[in-house]
Amino acid sequence: MERLRGADLSQSDKCQKIMELAKRRGFFWPSYELYGGESGFIDYGPLGAILKRKIEEKWINQFVVKEGLMLIDTPVIGPSAVFEASGHTAHFTDPIASCSRCGRKWRADHLLEDQAGISAEGLALVELDAALKEHEVHCPECGGNLEAPQVFNELFKTTIGPYSEHVGYGRPETAQGIFVNFKRLHELARNRLPFGVAQVGKCMRNEISPRQGPIRLRELTIMELEFFFDPENPHCSKLKEVEEEKLRLLHEELIREGKNEPVELSVREALERNHIKAEWNAYFMVKAKRFLNELGISDGDQFFKEKLVGERAHYSAQTYDQVVRLSRWGFVEVSGHAWRTDYDLKMHMASSGVDLRAYVQFEKPRRVKKFTLKAHHKQLAQVFGKDSGRVTRLLELTPPEEVAEALKADGRYLLRGNGQTYTILPEHVTLKEEEVEEKGRRILPSVVEPSFGLDRLTYATLEYAYSEKNDRVVLKLPRDVAPIQVAVLPLVSKNGLPEKAEQIHSLLKGEGFAVEYDDAGSIGRRYARMDEAGTPIAVTIDYQTLEDGTVTVRDRNSWKQVRVSATKLPAFLREFFQGRDVFAVSS
RNA sequence: GCGGCCGUGGUCUAGCCUGGACUAGGACAGGGGCCCUCCAAGCCCCUAACCCGGGUUCGAAUCCCGGCGGCCGCACCA
């Protein structure tokens with residue numbers, strides 16, 4: 001496929017070998033090769049599909065089952081309203097200006113900021129164009145004039161049904177499927193905070209120029225969870241379990257100082273020094289670190305890198321990327337840990353007009369002075385016509401104090417929502433201040449979001465499992481994600497050994513193991529084949545098996561062998577796959 | 001999207017500059033057979049490829065153009 005020469009070769013050697021192995025043994029390969037290929041897409045083959053699924057299962061086990069969270073599954077396609085509310089149609093996009101002389105493309109907003117020192121935030125394309133001209137921004141490379149900026153939106157666009165005006169988008173993240181269901185999910189969590197909801201699924205991002213095989217895809221699988229907590233009670237109840245754990249952080253301060261190396265801080269220190277702003281984020285970062293450890297990626301090969309303000313997604317108040325060292329690309333993001341605050345719920349509440357606040361009960365009822373707001377429906381209907389229903393709902397969701405203050409100061413209140421601004425005058429409402437007994441309050445939960453790229457994790461797992469021994473490949477996949485668990489091999493293919501091996505094969509299959517039988521070629525060749533596929537255990541049936549019913553069990557990593565009686569084999573293997581060091585004990 | 005390099009069986013590659021003897025060679029992998037007591041042993045046989053389209057030419061894997069794809073650099077990666 002590709003050929004690399006000279007200095008490139010040594011550095012990308014491992015990646016190269018893995019790509020070859022992946023194609024040869026059926027982990028993954030480029031999609032649509034029959035028609036010349038299409039970049040940004042990969043196919044998972046027989047081994048890869050299972051490996052990927054097992055990593056997903058492991059994640060679900062650790063982040064959903066063990067954490068007591070909920071798992072849901074929502075559509076890939078969503079109507080435009082969802083992504084307009086979430087900000088993706090506006091923000092999942094880049095204004096690109098090309099140079100009319102040299103043809104280079106630039107981020108128009110970045111140029112404006114760099115050359116004119118003006119924030120381009122919130123500027124429409126025409127405004128951006130005007131600003132670029134006004135401040136005489138030129139191509140930084142050749143000084144040529146810039147063409148009018150154009151937007152490129154990375155959402156995949158489609159239509160829903162036969163109506164071209166009914167626009168839908170492929171989701172760029174699974175999160176919105178959770179946010180739009182917040183009310184129901186909170187109800188299912190029996191109206192308690194905190195709680196978390198996870199989702200695993202395909203997402204689409206129409207990348208401008210994807211490369212790097214499984215690292216940057218236009219269609220990818222994301223495993224993410226939204227964890228909702230009370231912003232007024234943001235403490236992580238499980239902090240004790242993790243506060244002494246060390247995290248390697250390359251935090252904002254270090255980056256601003258120009259540093260590249262992370263520092264090692266305990267969770268407690270990181271929180272005390274405000275390098276991590278949300279306790280729950282810290283908690284899940286520890287979980288994420290351990291998760292990668294179990295996929296074979298040690299602490300030294302991963303760390304968390306904070307995203308600077310300009311690099312963060314539009315919804316995020318703080319984001320750490322978990323990065324892993326990969327042989328070809330250096331440190332690559334495999335998960336993001338964003339503190340999304342109440343951004344998404346707030347946006348969906350404003351767009352839909354539905355109250356998405358959670359009710360939090362006080363320990364004791366409190367007597368408080370409080371404004372109450374009563375909307376005058378008839379008056380509002382006269383002024384706003386069709387929109388009055390929505391205006392009324394929005395108005396009633398607004399803190400009355402805010403309305404009262406504005407009316408007092410300016411004589412009017414500007415109500416924003418649904419992409420419009422409505423002017424509320426004193427005669428539209430009745431505001432009363434009274435003392436009431438409150439049993440609780442309504443709040444918009446704050447959200448932390450750990451979000452993992454399953455494709456990248458699958459690749460990283462392969463890369464970290466890859467090793468060579470005596471000129472052959474041994475894929476030391478963690479035993480709980482290996483696609484084939486056990487190989488059953490007759491030592492030779494005669495004298496009744498294959499028949500005996502077939503019995504053992506069926507026995508183990510019946511016990512629920514993923515087993516493969518192989519009697520082709522010499523025993524050494526078959527061991528080698530299984531090492532390359534990452535099969536942790538090989539069971540060999542030999543002449544002694546016929547005499548005393550014991551078989552040889554071979555460990556892929558150490559090549560150690562122990563004899564186990566066939567009847568005890570299932571129990572032995574079960575212990576092995578639960579993580580016990582059965583070879584050290586028995587040999 | 002720009003620039004550079006590149007595209008040959010399942011995988012890695014030889015051949016391309018200097019067009020013909022290329023019915024495209026090799027290694028590994030795969031299938032069949034012989035052999036058969038533990039780490040890719042050996043022997044025999046077999047399967048299987050010039051990215052796509054156009055052009056130049058008597059003749060194209062080889063030269064030219066376009067497309068697609070890959071790698072690297074720039075840009076992009078909310």
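Keep in mind the model is a prediction, meaning the values are calculated, not measured. Excluded from the calculations below are hydrogen atoms, water molecules and symmetry mates; all remaining heavy atoms, backbone and side chain alike, are included. A note on names: the letters A, B, ... follow the listed sequences, proteins ahead of strands, and every chain is numbered from 1.
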Visitor: Using the C1' atom on both, measure C50(B) against G19(B) and round to a whole Å.
Guide: 15 Å
Visitor: Could you check Gly213(A) against Trp559(A) and say which one's nearest nucleotide on RNA chain B is further toward the 5' end?
Guide: Trp559(A)
Visitor: Could you work out which one of A40(B), C77(B), C38(B) sits closest to the side chain of Arg216(A)?
Guide: C77(B)
Visitor: Grab the CD-P distance between Glu20(A) and C71(B) for me, whole Å please.
Guide: 14 Å
Visitor: With respect to the phosphate group of C76(B), does any side-chain polar atom (N or O) of Arg218(A) fall under 4.0 Å of OP1 or OP2?
Guide: no
Visitor: What distance, rounded to whole Å, do you find between the two C1' atoms, one in U18(B) and one in A60(B)?
Guide: 14 Å
Visitor: Quick one: does Arg472(A) reach the base of C39(B) with a side-chain donor-acceptor pair under 3.5 Å?
Guide: yes
Visitor: Partner lookup for A21(B), please. Criteria are Watson-Crick or G-U wobble with both distances under 3.5 angstrom; report none if nothing qualifies.
Guide: none
Visitor: Counting only Watson-Crick or G-U wobble pairs whose two distances fall under 3.5 Å, which nucleotide matches U62(B)?
Guide: none
Visitor: Is a donor-acceptor contact shorter than 3.5 angstrom present between the side chain of Arg554(A) and the base of C39(B)?
Guide: yes
Visitor: Tell me the partner of A27(B), counting only Watson-Crick (N1-N3 plus N6-O4 or O6-N4) or G-U wobble (N1-O2 and O6-N3) with both under 3.5 Å; none if nothing fits.
Guide: U11(B)
Visitor: Can you tell me the distance, in whole Å, between the CZ atom of Arg24(A) and the P atom of A29(B)?
Guide: 10 Å
Visitor: Are the charged groups of Arg554(A) and Asp531(A) less than 4.0 angstrom apart, N to O?
Guide: yes
Visitor: Rounded to whole angstrom, note down the P distance from C6(B) over to C51(B).
Guide: 14 Å
Visitor: Does a distance-only test, which skips hydrogens and angles, find a donor-acceptor pair under 3.5 Å between the side chain of Glu38(A) and the base of C68(B)?
Guide: no
Visitor: A side-chain contact here means heavy atoms from C-beta on lying under 4.5 Å apart; do Arg218(A) and Glu154(A) qualify?
Guide: no
Visitor: Go ahead and name the base partner of G1(B); Watson-Crick or wobble counts if both distances stay under 3.5 Å, otherwise write none.
Guide: C74(B)
Visitor: I need the single residue from Leu457(A), Leu225(A), Thr221(A), Ile55(A) that forms a side chain to side chain contact (heavy atoms under 4.5 Å, CB included) with Phe452(A). Which is it?
Guide: Leu457(A)
Visitor: Quickly work out the Lys23(A) NZ to C71(B) P distance and round it to whole Å.
Guide: 10 Å
Visitor: For Leu491(A), which contact category applies under a 4.0 Å heavy-atom criterion: base, sugar-phosphate, or nothing?
Guide: base
Visitor: Using whole Å, what does the distance between atom P of nucleotide G31(B) and atom CG of Asp519(A) come to?
Guide: 10 Å
Visitor: Can you tell me how far C1' of U37(B) sits from CG of Leu489(A), to the nearest Å?
Guide: 14 Å
Visitor: Are the charged groups of Arg205(A) and Glu219(A) less than 4.0 angstrom apart, N to O?
Guide: no
Visitor: Measure from CD on Gln16(A) to P on U13(B) and round the result to the nearest Å.
Guide: 7 Å
Visitor: Regarding Glu449(A) and Arg340(A), does a basic nitrogen lie under 4.0 Å from an acidic carboxylate oxygen?
Guide: yes
Visitor: Is Asp542(A) salt-bridged to Arg563(A), cutoff N-O under 4.0 Å?
Guide: yes
Visitor: Write down the partner of G69(B) under the Watson-Crick or G-U wobble criteria, each distance required to be under 3.5 Å.
Guide: C6(B)
Visitor: Any base atoms under 4.0 Å from Ser493(A), or only sugar-phosphate, or nothing? Heavy atoms, all strands.
Guide: base
Visitor: Where the side chain of Ser522(A) is defined as all heavy atoms beyond and including C-beta, which of C77(B), A41(B), U37(B) is the nearest nucleotide?
Guide: A41(B)
Visitor: Tell me: CG of Leu497(A) to C1' of C38(B), nearest whole Å?
Guide: 12 Å
Visitor: Starting the side chain at C-beta, find the nucleotide from C77(B), C36(B), C38(B) nearest to Glu154(A).
Guide: C77(B)
Visitor: I'd like to know if Arg472(A) pairs up with Glu532(A) as an ion pair, taking the criterion as any Lys NZ or Arg NE/NH1/NH2 lying under 4.0 Å from an Asp or Glu carboxylate oxygen.
Guide: no
Visitor: Which value, in whole Å, describes the distance between the C1' atoms of nucleotides C58(B) and C72(B)?
Guide: 42 Å
Visitor: Taking only the C1' atom of each, what is the distance from G30(B) to U47(B) in whole angstrom?
Guide: 8 Å
Visitor: Taking the same atom, C1', in G25(B) and in C63(B), what whole-Å distance lies between them?
Guide: 23 Å
Visitor: Figure out the CD/P separation between Glu532(A) and C28(B), and round it to whole Å.
Guide: 15 Å
Visitor: Classify the side chain of Arg525(A) versus the base of C38(B) as yes if they form a donor-acceptor pair under 3.5 Å and no if they do not.
Guide: no
Visitor: For a quick check under 3.5 Å, do Asp344(A) and Tyr315(A) share a side-chain donor-acceptor pair by atom type?
Guide: no
Visitor: Expressed as a whole number of Å, how far does the C1' atom of A29(B) sit from that of G66(B)?
Guide: 36 Å
Visitor: Within the pair Trp29(A) and G69(B), is there a side-chain N or O less than 4.0 Å away from OP1 or OP2?
Guide: no
Visitor: For atom C1', what is the distance between U8(B) and A49(B), given to the nearest Å?
Guide: 6 Å
Visitor: For the side chain of Val492(A), starting at C-beta, report the closest nucleotide among C76(B), C38(B), U37(B).
Guide: U37(B)
Visitor: Scan every strand shown for a Watson-Crick or G-U wobble partner of A48(B), both distances under 3.5 Å, and answer none if you come up empty.
Guide: none
Visitor: Between Glu207(A) and Ser39(A), which residue's closest nucleotide on RNA chain B lies nearer the 5′ terminus?
Guide: Ser39(A)
Visitor: Have a look at Gln544(A) and say if it touches a base, only the backbone sugar-phosphate, or nothing, with a 4.0 Å heavy-atom cut-off.
Guide: nothing
